[in-house]
Amino acid sequence: MKELFDFILRFGNLNQQQLDFVTSKAKEIVLSKDEYFSEAGKIAKQVGFVVDGILRVCYYDNKGEEITKYFIEENNLVVDLESFDNEICSSSYVQAVTDCKLIVFQRKDWLELLQTIVGWEIIVHKIISRALIQKVERRSPLVSEDATTRYLKFMEIYPTVVNRIPLSYIASYLGITQSSLSRIRKNIGKY
């Protein structure tokens, strides 16, 4: 819980009674590598906080190819927000890339936190705004660059991720083949 509270308190203040209430609604879970946190075609029913591990958000394009949109590492919230907020089926999968430890809130408990804790909504809004800005910052420099530059930028953006996940996911994220990625890594001397 300490990691979660350290994270939350960067965005606002809560007293001990409020923190205790948050604790009472939270549950720790372990997701094994390749397990799904939420799935396309289903309604997202939980919000998670990543204590340990890496998840990825991915979908299948119209050719049936898997596309990785982005990665979520430690000390970040994980939720398919559109599906969760609007109770609609998700179009993406959120999958554990490594074994993960998460603190999870079920939808009814999350809504109770929003209704009960003064300031919780403001804190959550700040966290979501930060995540959206991060997502845009992480995607936009990758769009117009050549593959080598995209890979080098990826290593800057996700320094703790690059050696912990399969190359196939990195290639999918960068929009290149795995053999192209291997060639790029060889050329820049990163093994």
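Position 1 is the first residue of the sequence, and the numbers go up from there.
Transitive grouping of hydrophobic side chains (ILVMFWY, heavy atoms separated by less than 4.5 Å) keeps Leu77 and Phe37 in distinct clusters. By the criterion of side-chain heavy atoms lying less than 4.5 angstrom apart, applied directly or through intervening Ile, Leu, Val, Met, Phe, Trp or Tyr residues, Ile123 is grouped together with Leu9 in one hydrophobic cluster. Hydrophobic clustering of Ile, Leu, Val, Met, Phe, Trp and Tyr side chains at less than 4.5 Å, counting indirect connections, keeps Val94 apart from Ile127. Transitive grouping of hydrophobic side chains (ILVMFWY, heavy atoms separated by less than 4.5 Å) keeps Tyr93 and Tyr169 in distinct clusters. Side-chain heavy atoms closer than 4.5 Å link hydrophobic residues (I, L, V, M, F, W, Y) into clusters, and following such links, possibly through other members, connects Leu31 to Tyr70.
With values rounded to the nearest 0.5 angstrom, Ile170 atom CD1 is found 13.5 Å from Arg150 atom CZ. In this structure, CG on Leu14 lies 6.5 Å from CH2 on Trp120, to the nearest 0.5 angstrom. Note that the CG atom of Asp80 and the SG atom of Cys89 stand 10.5 Å from one another [nearest 0.5 Å]. The CZ atom of Phe105 sits 6.0 Å away from atom CG of Leu113, with the distance rounded to the nearest 0.5 Å. Rounded to the nearest 0.5 Å, atoms CG (Leu111) and OG1 (Thr116) are 10.0 Å apart. Note that CD1 of Ile103 and CD of Glu3 are 6.5 Å apart. Values are rounded to the nearest 0.5 Å.
For the pair Ser83 (side chain) and Ala44 (backbone), a donor-acceptor distance under 3.5 Å is present. A side-chain donor-acceptor contact under 3.5 Å links Ser182 to the backbone of Gln178. Of the possible donor and acceptor atoms, none in the side chain of Arg107 sits under 3.5 Å from a partner among the backbone N and O of Gln46.
Side-chain contact, Asp99 with Ser32: no donor N or O sits under 3.5 Å from an acceptor N or O. With no hydrogens or angles considered, a side-chain donor-acceptor pair links Ser180 and Thr177 at under 3.5 Å. Side-chain contact annotation: Ser92 with Lys69, donor-acceptor N/O pair under 3.5 Å present. A donor-acceptor contact under 3.5 angstrom links the side chains of Glu73 and Thr160, judged on distance only. In this model, a donor atom of one side chain and an acceptor atom of the other lie less than 3.5 Å apart for Asp146 and Thr149.
Side-chain contact between Ile43 and Lys45 is present, with at least one heavy-atom pair separated by less than 4.5 Å. In this structure, the side chains of Phe11 and Val124 stay at 4.5 Å or more apart for every pair of heavy atoms. Taking 4.5 Å as the limit, some side-chain heavy atom of Leu102 sits within range of a side-chain heavy atom of Val78. In this structure the side chain of Pro159 never reaches within 4.5 angstrom of the side chain of Val161, judged on heavy atoms.
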_Stepwise side chain to side chain contact (heavy atoms under 4.5 Å, CB included) test for Gln18 and Asp20_ = CA-CA 5 Å; Gln18 291 168 321; Asp20 292 343; over 6 Å; no

*From CA spacing to verdict: side chain to side chain contact (heavy atoms under 4.5 Å, CB included), Lys27, Asp109*: CA-CA 10 Å; Lys27 190 175 117 189; Asp109 296 323; over 6 Å; no

*Before giving the answer on side chain to side chain contact (heavy atoms under 4.5 Å, CB included), spell out for Ser38 and Lys42 the whole-Å C-alpha distance, their side-chain angles and the decisive distance to 0.1 Å.*
CA-CA 7 Å; Ser38 61; Lys42 296 182 180 176; over 6 Å; no

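In the displayed structure, Lys25 atom NZ is contacted under 6.0 Å by more than 12 heavy atoms of other residues, nucleotides or ligands. Within a 6.0 Å radius of CG in Asn13, other residues, nucleotides and ligands contribute 12 heavy atoms or fewer.
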Indicate every side-chain donor-acceptor pair of residues 48-67 with a distance under 3.5 Å to a residue at least two apart or in another chain.
{"residue": "Arg56", "atom": "NE", "partner": "Gln95", "partner atom": "OE1", "Å": "3.0"}
{"residue": "Arg56", "atom": "NH1", "partner": "Glu66", "partner atom": "OE1", "Å": "3.2"}
{"residue": "Arg56", "atom": "NH1", "partner": "Thr68", "partner atom": "OG1", "Å": "2.7"}
{"residue": "Arg56", "atom": "NH2", "partner": "Glu66", "partner atom": "OE1", "Å": "2.8"}
{"residue": "Arg56", "atom": "NH2", "partner": "Glu66", "partner atom": "OE2", "Å": "3.2"}
{"residue": "Arg56", "atom": "NH2", "partner": "Gln95", "partner atom": "OE1", "Å": "2.8"}
{"residue": "Tyr60", "atom": "OH", "partner": "Glu66", "partner atom": "OE2", "Å": "3.0"}
{"residue": "Asp61", "atom": "OD1", "partner": "Lys63", "partner atom": "N", "Å": "2.9"}
{"residue": "Asp61", "atom": "OD1", "partner": "Gly64", "partner atom": "N", "Å": "3.1"}
{"residue": "Asp61", "atom": "OD1", "partner": "Glu65", "partner atom": "N", "Å": "2.8"}

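Every residue two or more places apart in sequence or in another chain was checked for a side-chain hydrogen bond (donor to acceptor under 3.5 Å, both in side chains) with Glu121, and none qualifies. Under the salt bridge (charged side-chain N to carboxylate O under 4.0 Å, His left out) criterion, Arg130 pairs with no residue at all, not counting sequence neighbours. Under the rule for a salt bridge (charged side-chain N to carboxylate O under 4.0 Å, His left out), the partners of Asp6 that lie at least two apart in sequence or sit in another chain are Lys2. Taking the side-chain hydrogen bond (donor to acceptor under 3.5 Å, both in side chains) definition, one finds that Glu82 meets it with nothing, sequence neighbours left out. Evaluation of the salt bridge (charged side-chain N to carboxylate O under 4.0 Å, His left out) rule for Glu28 yields no partner, not counting sequence neighbours.
Salt bridge Lys153/Glu156: absent, no basic N to carboxylate O contact under 4.0 Å. Salt-bridge annotation for Arg164 and Glu74: present, with a side-chain N of the basic residue lying under 4.0 Å from a carboxylate O of the acidic one.
A ring-centre distance under 6.0 Å is found for Tyr158 and Phe154.
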